[in-house]
Engineer: 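The structure's right below; bear with me while I get my questions together.
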Amino acid sequence: GINAEYGDLVARCQGGNNAGHTVVVGETHYDFHLLPSGVVYKDVSCVIGNGVVVHVPSLFEEIDKNVAKGCTGIVDRLIVSDRAHVVADVHQTVDGLYEAEKKGNSLGTTKKGIGPTYSTKMQRTGIRMSDLLGERARLKEKVQRIVRDCALRFPQHSFDAEEEYRRLEALIPRITPMIKDTVLHMNEALNSDKRILVEGANAAMLDIDFGTYPYVTSSNCTVGGVCTGLGIPPSKITDVIGVVKAYTTRVGAGTFPTELTDEIGNAMADIGHEYGVTTGRRRRCGWLDLMVLRYSHMVNGFTRLAVTKLDILDSFKELKVCVGYKLNGKDLPSFPADHDLLEKIEPVYTTIQGWNCSTVDCRTFESLPDQAKTYLNVIQDFLGVKIGWVGVGQSRDSMIVI
């Protein structure tokens, strides 16, 4: 939510309720999974784009929870794309069955049905929001087709197509007013010079194409997903903000070259409250990996960076930053595609003295300790991208604007 208050419209373009982040407004903590964080501002309209996959009961639950916390008028300001795909309950069931089948080679998915929904989308057998507005007989056929395919794949499991359809049909009256043509809506917003903020869900290294495959999500969470997931032309994107923690974290399985499995990594997780908003899983922590960040910049073309959670490093006497990779004694030019190679990588570190004092009350770059400024300058210089924001706490007031 760094920029959500400065936008007229905030949109999500990919992923589903597998993502999660917390926005702190005053004393209130809002947890978001499907809703764009702009819903906390009463004058901001919100769009869930065609690239998002939507589990409708979870969307309703999220709306109700946030309304109970005082976030009003969500339904009047929320538009869901008629081209977005529906996550059926059966998708969530088979997500768990796929993971159980993998046993020791689990990908660590959230079991929210995201992968199976994107699978049916690509097989052209998916259910879209527009189907909920159409003939019920046609919708029922689509549900039966998906359930039949799942039953063929997992014959040992009992599936009930009739019950699946009944549950989905019961949701239609409430979701109907929110379903609109978001391509037209976004185009009209662009043409009337509205300020639009698109929120990425999931990290760049979880991108289905550019991430640490197969330990990735099922959508494009890099900047290309903005165009395909909202119908925005590339020429209309003016700013690409890379949000990165002052250290590296990963939730779920997959390679992590700078991971710390010692007391330093544990301290990062404890001080930073590194538990996933969606699953509650403890995140793995490690030193900041500038090779990952540079690779992410190659793909996304960041115009500015937002470095968050700098305050978590306040108590560390010494900090390391990964500035290179070696494999069999040779320097690697970039981030390799082969996951097996990634596991053999030796990170090359530069060491920076810690600042050993609190940054939580700092509100300008100048007021930060000298060593903290050095740390941030190492990031800027390595990437050649300016830092526009530095986070030193959870609340919106704790964001230093440079």
Engineer: Looking at CG of D207 and CD of Q14, how far apart are the two atoms once the value is rounded to the nearest 0.5 Å?
Structural biologist: 8.0 Å

Engineer: Hey, could you give me each pair passing ring pair (Phe, Tyr, Trp, His ring centres under 6.0 Å) that has a residue in residues 299-323? Not counting sequence neighbours.
Structural biologist: H297-F302

Engineer: Could you tell me whether Y213 atom OH has more than 12 heavy atoms of other residues or ligands within 6.0 Å of it?
Structural biologist: no

Engineer: Would I345 and K326 satisfy side-chain contact (heavy atoms from CB on, under 4.5 Å), going step by step from the backbone distance to the final call?
Structural biologist: CA-CA 6 Å; I345 275 173; K326 280 193 185 295; over 6 Å; no

Engineer: Side-chain donor-acceptor pair under 3.5 Å between N187 and N191, yes or no?
Structural biologist: yes

Engineer: Under the criterion side-chain contact (heavy atoms from CB on, under 4.5 Å), I'd like the reasoning laid out for I172 against L139: C-alpha separation, chi angles, the key distance, then a yes or no.
Structural biologist: CA-CA 11 Å; I172 293 174; L139 175 62; 3.8 Å; yes

Engineer: Look at R283 together with E274 and state whether they make a salt bridge at an N to O cut-off of under 4.0 Å.
Structural biologist: yes

Engineer: Nearest heavy-atom pair of C285 and G265: which atoms, and what distance?
Structural biologist: CB-O, 3.8 Å

Engineer: Between the main-chain N or O of I264 and the side-chain N or O of D262, is there a donor-acceptor pair closer than 3.5 Å?
Structural biologist: yes

Engineer: Side-chain contact test, heavy atoms from C-beta onward, threshold under 4.5 Å: evaluate it for F382 versus T350 and give yes or no.
Structural biologist: no

Engineer: State whether D43 and R77 are salt-bridged, where the test is any N-O pair (Lys NZ or Arg NE/NH1/NH2 against Asp/Glu carboxylate O) under 4.0 Å.
Structural biologist: no

Engineer: Compare all side-chain heavy atoms of T258 with those of Y247 and state whether any distance is below 4.5 angstrom.
Structural biologist: no

Engineer: Between Q380 and I387, is there a donor-acceptor pair closer than 3.5 Å when you use the side chain of the first and the backbone of the second?
Structural biologist: yes

Engineer: Ignoring hydrogens and angles, state whether a donor on the side chain of Y325 or D289 is under 3.5 Å from an acceptor on the partner side chain.
Structural biologist: yes

Engineer: Rounded at 0.5 Å granularity, tell me how far CG in L260 sits from NZ in K320.
Structural biologist: 8.5 Å

Engineer: Just to verify, what does D239 make a salt bridge (charged side-chain N to carboxylate O under 4.0 Å, His left out) with, not counting sequence neighbours?
Structural biologist: R304

Engineer: Are Y215 and H339, when compared by the centres of their aromatic rings, separated by less than 6.0 Å?
Structural biologist: yes

Engineer: First locate atom CD1 of I74, then atom CE of M178, and finally report the distance between them rounded to the nearest 0.5 Å.
Structural biologist: 9.5 Å

Engineer: So which heavy atom on V87 is nearest to which on G113, and how close?
Structural biologist: CG1-O, 3.9 Å

Engineer: Do you know the tightest heavy-atom contact between D311 and G393?
Structural biologist: OD1-N, 3.4 Å

Engineer: Can any side-chain N or O of N17 pair as donor or acceptor with the backbone N or O of H33 at less than 3.5 Å?
Structural biologist: no

Engineer: How would you list all residue pairs meeting side chain to side chain donor-acceptor pair (under 3.5 Å) that involve residues 363-374, not counting sequence neighbours?
Structural biologist: T364-S367

Engineer: For N300, what residues pass the side chain to side chain donor-acceptor pair (under 3.5 Å) criterion, not counting sequence neighbours?
Structural biologist: S296

Engineer: Mind checking whether F154 and T93 have side chains closer than 4.5 Å, heavy atoms only?
Structural biologist: no

Engineer: Which residue pairs satisfy the side chain to side chain donor-acceptor pair (under 3.5 Å) criterion with at least one member in residues 118-129, sequence neighbours excluded?
Structural biologist: H91-T120

Engineer: Considering only heavy atoms from C-beta outward, does the side chain of I79 approach that of S45 to under 4.5 Å?
Structural biologist: no

Engineer: Less than 4.0 Å between a side-chain N and a carboxylate O, is that true for R167 and E162?
Structural biologist: no

Engineer: Between R12 and E199, is there a side-chain N and carboxylate O pair less than 4.0 Å apart?
Structural biologist: no

Engineer: Any side-chain donor-acceptor pair under 3.5 Å between T261 and R284?
Structural biologist: no

Engineer: What I'd like to find out is whether the side chain of L133 reaches to under 4.5 Å of the side chain of I179, using heavy atoms alone.
Structural biologist: yes

Engineer: Do F32 and E62 touch side chain to side chain, with heavy atoms closer than 4.5 Å?
Structural biologist: yes

Engineer: Has K194 got more than 12 heavy atoms of other residues, nucleotides or ligands less than 6.0 Å from its NZ?
Structural biologist: no

Engineer: Going by the salt bridge (Lys or Arg N to Asp or Glu O under 4.0 Å) test, name the single residue among R136, R83, K140, R138 that passes it with D131.
Structural biologist: R138

Engineer: Look up atom CG in L59 and atom CD1 in I175, then write down how far apart they are to the nearest 0.5 Å.
Structural biologist: 5.0 Å

Engineer: Closer than 4.0 angstrom, basic N to acidic O: yes or no for D95 and K112?
Structural biologist: no

Engineer: Side chains of D89 and L168, heavy atoms from C-beta outward: is any pair under 4.5 Å?
Structural biologist: no

Engineer: Set out, in order, the CA-CA distance, both residues' side-chain angles and the distance that settles side-chain contact (heavy atoms from CB on, under 4.5 Å) for L230 and T182, then state yes or no.
Structural biologist: CA-CA 7 Å; L230 279 165; T182 53; 5.5 Å; no

Engineer: Got a donor-acceptor contact below 3.5 angstrom from the D314 side chain to the T359 backbone?
Structural biologist: yes

Engineer: Y275 vs H273, test: ring pair (Phe, Tyr, Trp, His ring centres under 6.0 Å). Steps then yes/no.
Structural biologist: CA-CA 6 Å; Y275 295 89; H273 304 295; 7.9 Å; no

Engineer: Do NZ/NE/NH1/NH2 and the carboxylate oxygens of R166 and E163 come within less than 4.0 Å?
Structural biologist: yes

Engineer: Evaluate E259 against T248 for side-chain contact (heavy atoms from CB on, under 4.5 Å), listing each step before the verdict.
Structural biologist: CA-CA 8 Å; E259 184 171 12; T248 305; over 6 Å; no

Engineer: Taking the basic N atoms (NZ, or NE/NH1/NH2) and the acidic carboxylate oxygens, is any pair closer than 4.0 Å for R145 and D149?
Structural biologist: yes

Engineer: What are the two closest non-hydrogen atoms of V198 and C13, and how far apart are they?
Structural biologist: CG1-SG, 3.9 Å

Engineer: Is a salt bridge present between K180 and D82, judged by a nitrogen-to-oxygen distance below 4.0 Å?
Structural biologist: no

Engineer: Indicate the atoms forming the closest heavy-atom contact of H185 with L9, along with that distance.
Structural biologist: NE2-CD1, 3.7 Å

Engineer: With F210, which residues qualify under ring pair (Phe, Tyr, Trp, His ring centres under 6.0 Å), at least two apart?
Structural biologist: none

Engineer: Below 4.5 Å, heavy atoms only, C-beta onward: do W287 and C322 meet side chain to side chain?
Structural biologist: no

Engineer: If you look at every heavy atom in L206 and V216, which pair is closest and at what distance?
Structural biologist: O-CB, 3.3 Å

Engineer: So how far is it from S218 OG to N202 CG, rounded to the nearest 0.5 Å?
Structural biologist: 8.5 Å

Engineer: Answer yes or no: is there a donor N or O on one side and an acceptor on the other, between the side chain of S219 and the main chain of C221, under 3.5 Å?
Structural biologist: no

Engineer: Once rounded to the nearest 0.5 Å, what's the spacing between atom CG of D331 and atom CD of E346?
Structural biologist: 10.0 Å

Engineer: Would you confirm whether N50, through its side chain, and S81, through its main-chain N or O, come within 3.5 Å as a donor-acceptor pair?
Structural biologist: no

Engineer: Would R153 and E101 count as a salt bridge (charged side-chain N to carboxylate O under 4.0 Å, His left out) if you check the C-alpha gap in whole Å, the side-chain angles of each, and the deciding distance to 0.1 Å?
Structural biologist: CA-CA 12 Å; R153 178 62 183 79; E101 210 175 56; 2.6 Å; yes

Engineer: If only atom types and distance count, is the side chain of K309 paired as donor or acceptor with the main-chain N or O of V392 below 3.5 Å?
Structural biologist: no

